[in-house]
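Notes follow the structure.
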Amino acid sequence: MVDVAKNLHDVLDNLPDGVRLVAISKFHPNEYIEAAYKAGQRVFGESHEQELQKKVETLPKDIEWHFIGHLQTNKVKYIAPYISMIEAVDSMKLMKEINKQASKHDRVIKILLELHIAEEETKYGLTLDACRQLLADGEWRDLKNVHICGLMMMASNVDEQEQIRHEMMTAANFFDEVKAKYFADDDEFKERSWGMSHDYKIAVQCRSTLVRVGTAIFGPRVY
Ligand SMILES: *Cc1c(COP(=O)(O)O)cnc(C)c1O
């Protein structure tokens, strides 16, 4: 078994005040999560609803779970009772479904809007213009059981640090734009979720507040 506690502390040592770690435990067994939990970690991220459900049932109740993957609308109802934050929301349709399911449990679910800035082709995430449009439309203001707490993005999976830095700074500047325009009075709109195992050190230089680190803590995933 990898030394989860040591790896966890190595990552935490690199995080300045104000940056929180989401330990990405997808595809890793409960023992690994328990090792990180014993070392003090409480925020974990998963990307598959069924796997998350199994873990939630068997692991300590004070874990704060973040859903970090692409979430299908028909899966929202399963995680709505307990999920702390849904990080990758990229459509009004999904936001409305989260609102509907959260209201059934009398909860307000925190979400992040997922941006697509990386060069790579992906179906997921909002372009900056699509995100501007979604916020301008204003329909989100009616959703009382959803709270938009910030932005999330994944930088291109490349070796060029300057490209990664450029993409993350684009996201950071865009955060300032929408913060000023829509969320100036909302102290909860504060999260900038970028940075994974290979680029979280760059992310903290690009004003990340949440880094999502898996491999550097738990080792390679066995799919
Ligand atoms: C898997 C995943 C991560 C963690 O990636 P590592 O390279 O293992 O640190 C972070 N963010 C998202 C959205 C992921 O799917």
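If you read the sequence from its start, that first residue is 1, and numbering goes on from there. In each ligand, atom 1 is the first atom listed, and ligand 1 is the first ligand listed.
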Residue pair [X] / [Y], side-chain donor-acceptor N/O under 3.5 Å:
X      : Y      : value
His147 : Asp186 : yes
Gln133 : Asp129 : no
Asp62  : Tyr37  : yes

Top protein contact for [atom], by heavy-atom distance:
atom                    : value
atom 12 (C) of ligand 1 : Ile68 CD1, 3.5 Å
atom 9 (O) of ligand 1  : Ser197 OG, 2.5 Å
atom 8 (O) of ligand 1  : Thr215 OG1, 2.5 Å
atom 5 (O) of ligand 1  : Met196 CE, 3.5 Å
atom 11 (N) of ligand 1 : Arg212 NE, 2.9 Å

Please say which of Lys110, Arg42, Arg20 ends up in a salt bridge (charged side-chain N to carboxylate O under 4.0 Å, His left out) with Glu64. Arg20
Carboxylate-amine/guanidinium contact Glu34 Lys38, below 4.0 Å: no
Using heavy atoms and a threshold below 4.0 Å, how should the contact between Ser47 and ligand 1 be classified: side chain, backbone, both, or neither? neither
Could you list the atoms of ligand 1 found under 4.0 angstrom from a heavy atom of [X]?
X      : answer
Met154 : 13 (C)
Val213 : 9 (O)
Gly214 : 4 (C), 6 (P), 8 (O), 9 (O)

Suppose we call two aromatic rings close when their centres sit under 6.0 Å apart. Are His105 and Tyr82 close by that rule? no
Considering Glu46, His198, Lys26, which one's heavy-atom position lies nearest to atom 2 (C) of ligand 1? Lys26
Look at the side chain of Lys201 and the backbone N and O of His198, then say whether any donor-acceptor pair between them is shorter than 3.5 Å. no
Mind checking whether Glu87 has a heavy atom under 4.0 Å from ligand 1? no
Taking the side chain as everything from C-beta on, heavy atoms only, tell me whether His166 gets closer than 4.5 Å to Glu162. no
